[in-house]
Amino acid sequence: MPVRISNGFLGVDIKETSVNCMYWEKRFPQLLTTMQLQDLMSKGCPLIGICDITCDIGGSLEIVNQTTAIDSPFFRYDPFQNSYHYDLEGEGVICSAVDILPTEFAKEASQHFGDILSQFIGSLISIPNIEELPLHLKRACIAHRGALTPLYEYIRRMQNSDVEDPSRNLEKVYPDKKKYTTLVSLSGHLFDQFLINEALDIIEAAGGSFHLVKCQVGQSTDAMSYSELEVGADDKEVLDRIIDSLTSIANPSVEDGFADITKNKISLKVGKFYENEVEKGYDMKKKNVILILGAGRVCRPAAEFLTSIGSFPSQQVLNSCLEAAFEEQNSIEVVVASLYLKDAEEIIQGIPSATAIQLDVMNHENLHFHISQADVVISLLPASCHNIIATACIELKKHLVTASYVDDSMSKLDEAAKVAGITILGEMGLDPGIDHMMAMKMINEAHKRNGKIRSFTSYCGGLPSPAAANNPLAYKFSWSPAGAIRAGRNPATYRYHGEIVRVNGDHLYDSASRIRLADLPAFALECLPNRNSLLYGELYGIENEASTVFRGTLRYEGFSGVMGALAKIGFFNTEALSTLNNGEKPTYRKALLQLLRLNNNNLDGLAMNEKEITERITTLGICQGEIAVRTAKTIMFLGFHESTEIPASCQSPFDITCLLMEKALVYSGTEQDMVLLHHEVEVDFPDGQPAENHRATLLEFGRTKDGNTTTAMALTVGIPAAVGALLLLANKIQVNGVVRPIISEVYMPALEILEAYGFKLLEKIE
């Protein structure tokens with residue numbers, strides 16, 4: 001937030017200072033690095049000072065390497081000497097980083113407030129009876145003579161109800177549980193109008209009990225507060241009377257003595273009534289807590305699955321995979337944690353037995369606290385966070401599930417996890433995940449029959465459904481185009497008929513091959529080699545028997561030709577375009593002209609239509625025929641021919657292309673994506689037995705319910721992760737350490753549960 005200030009009284013020109021109030025984390029780029037500041041100052045930047053309100057040491061402003069004090073609020077950084085000084089004379093930038101600055105008041109304001117308050121201090125201290133105070137002071141007193149005042153007694157009562165105290169042993173709570181309970185939701189001016197007092201008085205006066213489940217206090221006089229109370233009584237008639245009385249205060253009238261009905265009104269929602277079986281001698285269900293870290297698209301399917309175990313379709317299959325009595329004796333509560341509470345709250349909306357919390361996994365204390373309260377942890381955060389989370393799980397002896405690849409840093413935790421007696425189950429998603437499970441099932445079944453794997457090929461892709469593949473690229477993004485484009489430049493290695501084939505990342509699109517799947521003949525597909533397939537030969541134990549080991553990424557036919565042409569033209573280059581920095585208004589059209597090596601002087605004579613772009617691509621020798629036409633159609637579809645101004649944030653062709661793809665190649669609200677996973681295993685058998693071709697296919701489409709669409713990708717990543725957590729919860733996985741779903745005690749029950757859930761896993765042998 002730059003602030004212009006005048007130093008005219010010092011005899012110098014107008015200069016500039018900056019106040020930094022930006023929230024920042026390590027996962028974000030720095031706002032200003034030391035090198036950038038040095039470069040700016042060498043070019044005559046008029047910056048004379050920085051006030052860093054955030055005080056992130058080495059954070060968004062790299063030069064801030066220390067905090068300052070109120071009585072010594074400044075230091076000076078000299079960018080020319082890269083040195084720090086504590087005098088204000090000399091070259092450089094004056095920095096202030098007082099970490100307690102937000103608690104400071106202007107001296108005049110503090111003096112004024114103190115002068116007024118001091119008039120009441122003597123009376124407040126000496127008065128024996130708080131009732132003698134003026135009303136405004138009486139209501140402001142939270143505690144008097146060592147005790148909470150009547151208006152604030154709810155604080156102690158809520159504390160006594162075990163509010164938000166997960167460290168309490170749940171089994172100790174159940175013996176005091178009332179026979180009849182219901183969940184009551186209250187919202188309104190509960191605390192500033194002290195309506196919560198009245199609600200609690202009603203419950204206790206009737207002989208009922210309450211347990212505070214959730215509490216969110218409004219942060220301003222206009223904001224509403226929200227509380228969820230589990231209200232109980234041993235007599236259903238008593239509970240009914242309590243609810244009736246609460247309803248009466250939720251609907252006040254002038255006759256009831258309320259002058260301002262709006263301000264004194266609360267909203268009341270009452271849940272189902274439950275009859276608990278404590279008195280009959282039955283054990284209460286054990287409550288198991290699964291903590292899900294991350295509130296992206298993958299999270300909701302996982303949370304829904306885990307909280308719906310009791311109403312699970314094909315319940316008999318689930319019981320056979322776990323234990324018949326597991327669901328009868330256990331309940332699952334899901335806690336969704338996100339850096340931003342709003343994201344977690346949106347995820348759990350409408351999901352029973354789910355709670356949203358705010359959690360920064362970089363906060364060691366908070367992360368450890370919430371993991372300590374869980375039975376199993378699922379991390380759906382980026383892989384870079386997993387090591388921190390896994391280390392905490394090891395310390396606290398909690399199982400962990402992730403859908404990410406097991407990298408070297410995770411593998412190194414194997415021994416520590418074994419010592420802790422926990423399982424870190426990685427690669428429990430789609431790819432990696434379901435691909436492992438389907439592959440190992442096929443391979444191990446062949447090995448049991450003394451078969452030898454001659455060839456293993458695997459194809460997987462997240463695609464638009466055929467109906468949604470309605471653009472020239474026949475592709476849409478449900479994730480960052482930048483990530484997808486970069487993935488298309490990765491080198492690849494595979495074995496084909498005994499020969500090792502290596503593909504340079506710059507030529508990956510040229511290596512795509514057309515394929516037709518026997519079980520899905522209607523799909524016109526192609527595949528690109530996917531990174532290092534040889535690692536999977538080792539992982540699956542077939543490196544010494546399979547002459548072909550290939551893993552490919554599926555796309556609709558023609559995708560690679562168009563993407564390869566765009567790459568050759570320069571649409572994915574990361575160097576800045578001169579068109580964007582020549583002083584003229586930068587437009588998509590001008591950027592396209594430069595990419596097509598056309599002279600800007602000919603702007604007026606070019607229509608830049610599909611025909612002209614196709615001819616230019618052909619003339620440049622990029623491609624020809626149908627691919628040239630589709631490439632031109634794609635360029636037009638993205639909007640490169642338009643004279644719209646390019647945002648200042650886009651400096652390179654890569655930036656511009658990603659921006660336009662993100663706008664144009666997206667799913668509409670009613671469109672479905674599709675996941676297709678296909679394995680083919682050729683098996684040779686001894687003693688003259690005929691060879692066999694084993695095929696396994698997963699085809700899943702996005703699902704729409706109540707107008708909300710869950711993508712196939714979110715389902716096929718989130719559900720396997722949830723299944724992994726469920727298996728750990730039910731003690732079906734006995735192996736400790738860092739493991740993948742390539743062992744039978746994981747993949748056998750997991751595949752059965754996935755099929756019971758509704759995934760279509762088709763297998764054929766010919």
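Please read all numbers here as calculations on a predicted model, not as lab measurements.
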**Asked** Could you walk me through whether R703 and D673 pass the salt bridge (charged side-chain N to carboxylate O under 4.0 Å, His left out) check?
**Response** CA-CA 9 Å; R703 302 179 184 182; D673 72 327; over 6 Å; no

**Residue pair F571, F654: steps toward the ring-ring contact (aromatic ring centres under 6.0 Å, His included) verdict** = CA-CA 6 Å; F571 282 88; F654 179 81; over 10 Å; no

**Message:** Applying salt bridge (charged side-chain N to carboxylate O under 4.0 Å, His left out) to K732 and E745, what does each step give before you reach the verdict?
**Reply:** CA-CA 7 Å; K732 297 296 289 184; E745 68 181 83; over 6 Å; no

**Request:** Apply side-chain hydrogen bond (donor to acceptor under 3.5 Å, both in side chains) to N530 and Y459, showing your working.
**Result:** CA-CA 9 Å; N530 187 358; Y459 311 104; over 6 Å; no

**Request:** Apply the test side chain to side chain contact (heavy atoms under 4.5 Å, CB included) to residues V501 and S511: give CA-CA distance (whole Å), side-chain angles for both, the deciding distance (0.1 Å), then the verdict.
**Result:** CA-CA 11 Å; V501 181; S511 68; over 6 Å; no

**Prompt:** Going through the checks in order, is the side chain to side chain contact (heavy atoms under 4.5 Å, CB included) test met by E692 and R454?
**Reply:** CA-CA 10 Å; E692 293 178 351; R454 183 204 315 157; over 6 Å; no

**Request:** Take I292 and L380 through the side chain to side chain contact (heavy atoms under 4.5 Å, CB included) test and state the conclusion after the steps.
**Result:** CA-CA 7 Å; I292 302 180; L380 300 176; 3.8 Å; yes

**Request:** Could you walk me through whether I332 and I290 pass side chain to side chain contact (heavy atoms under 4.5 Å, CB included), step by step?
**Result:** CA-CA 7 Å; I332 295 176; I290 295 180; 4.0 Å; yes

**Prompt:** Do E615 and K611 pass the salt bridge (charged side-chain N to carboxylate O under 4.0 Å, His left out) test, and can you show the C-alpha distance, the side-chain angles, and the key distance before you say yes or no?
**Reply:** CA-CA 6 Å; E615 290 175 351; K611 182 175 180 295; 2.6 Å; yes

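A distance of 11.5 Å separates CG in D655 from CG in N573, rounded to the nearest 0.5 Å. A distance of 6.5 Å separates CG of L596 from CD1 of I617, quoted to the nearest 0.5 Å. Atom-to-atom distance recorded for L665:CG and K663:NZ is 12.5 Å, nearest 0.5 angstrom. Atom CD1 of residue I613 and atom CG of residue L592 lie 5.0 Å apart, to the nearest 0.5 angstrom. In this structure, CZ in R551 is found 9.5 Å from CG in L535, a value given to the nearest 0.5 Å. Note that CZ of R740 and OH of Y405 are 10.5 Å apart. Values are rounded to the nearest 0.5 Å.
In this structure E671 satisfies the salt bridge (Lys or Arg N to Asp or Glu O under 4.0 Å) test together with K476, sequence neighbours excluded.
Remark: E763 engages K441 in a salt bridge, criterion side-chain N to carboxylate O under 4.0 Å. Checked for salt-bridge contact, K764 and E680 miss the test: no charged N lies under 4.0 Å from a carboxylate O. Salt bridge present: E610 and K633 bring a charged side-chain N and a carboxylate O closer than 4.0 Å. Taking 4.0 Å as the cut-off between side-chain N and carboxylate O, R695 and E766 count as a salt-bridged pair.
At distances below 3.5 Å, at least one donor-acceptor pair connects side-chain atoms of Q651 with backbone N or O atoms of A648. With hydrogens and angles ignored, the 3.5 Å screen pairs no side-chain donor or acceptor of S379 with any backbone N or O of L293. The closest donor-acceptor contact from the side chain of E427 to the backbone of P432 lies at 3.5 Å or more, if one exists at all. In this structure a side-chain-to-backbone donor-acceptor pair under 3.5 Å is present from R300 to I347. For R630 (side chain) and P472 (main-chain N/O), a donor-acceptor pair under 3.5 Å exists by modelled atom type. Looking only at distances, a side-chain donor or acceptor of S465 sits under 3.5 Å from a matching main-chain atom of Q672.
Here the side chains of C623 and T618 are not in contact, with every heavy-atom distance at 4.5 Å or above. Residues L539 and I742 have side chains in contact (heavy-atom distance under 4.5 Å, counting atoms from C-beta outward). Between H641 and R589, every side-chain heavy-atom pair lies at or beyond the 4.5 Å cut-off. Here the side chains of I719 and L754 are in contact, with some heavy-atom distance below 4.5 Å. Side-chain atoms of L525 and L463, non-hydrogen and from C-beta on, do get closer than 4.5 Å to each other. A 4.5 Å side-chain heavy-atom check between S560 and L528 finds at least one atom pair inside the cut-off. Annotation: side chain of D435 is not in contact with side chain of L698 (no heavy-atom distance under 4.5 Å). Side-chain contact between F305 and V723 is present, with heavy atoms from C-beta onward closer than 4.5 Å.
Pairs of residues two or more places apart, or lying in two chains, that qualify as ring-ring contact (aromatic ring centres under 6.0 Å, His included) and include a residue from residues 510-536 are H436-Y536, Y536-Y540.
If you check the side chains of S547 and H497, you find no donor sitting under 3.5 Å from an acceptor. No donor-acceptor contact under 3.5 angstrom links the side chains of S353 and T307, judged on distance only. With hydrogens and angles left out, the side-chain atoms of T457 and H679 include no donor and acceptor closer than 3.5 Å. Between E575 and S652, the side chains place no donor N or O within less than 3.5 Å of an acceptor N or O (distance only, hydrogens not considered).
A 6.0 Å sphere centred on OH of Y496 holds no more than 12 heavy atoms belonging to other residues, nucleotides or ligands. For Q358, the CD atom sits in a packed shell: over 12 heavy atoms of surrounding residues, nucleotides or ligands are nearer than 6.0 Å.
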For a quick test of your reading: what N or O donor-acceptor pairs under 3.5 Å do the side chains of residues 482-490 make, sequence neighbours left out?
residue : atom : partner : partner atom : Å
R489    : NH2  : D506    : OD1          : 3.4
N490    : ND2  : A487    : O            : 3.3

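Between Y494 and F550, the distance from one ring center to the other falls under 6.0 angstrom. For Y667 and F477, the ring centers are positioned 6.0 Å apart or more.
The minimum heavy-atom distance linking G724 with V401 is given by the pair C-CG2, 4.0 Å. I627 and V562 get closest at one heavy-atom pair: CG2-N, 4.1 Å. Closest approach of I656 to C650, counting heavy atoms only: CG1-CB, 3.8 Å. Of all non-hydrogen atoms in L425 and P741, the two that sit nearest each other are CD1-N, 4.1 Å. Considering every non-hydrogen atom in both S643 and T587, the closest pair reads O-CG2, 3.6 Å. Residue P653 comes nearest to L595 through the heavy atom pair CG-CD2, 3.9 Å, listed as atom of the first residue, atom of the second, then distance.
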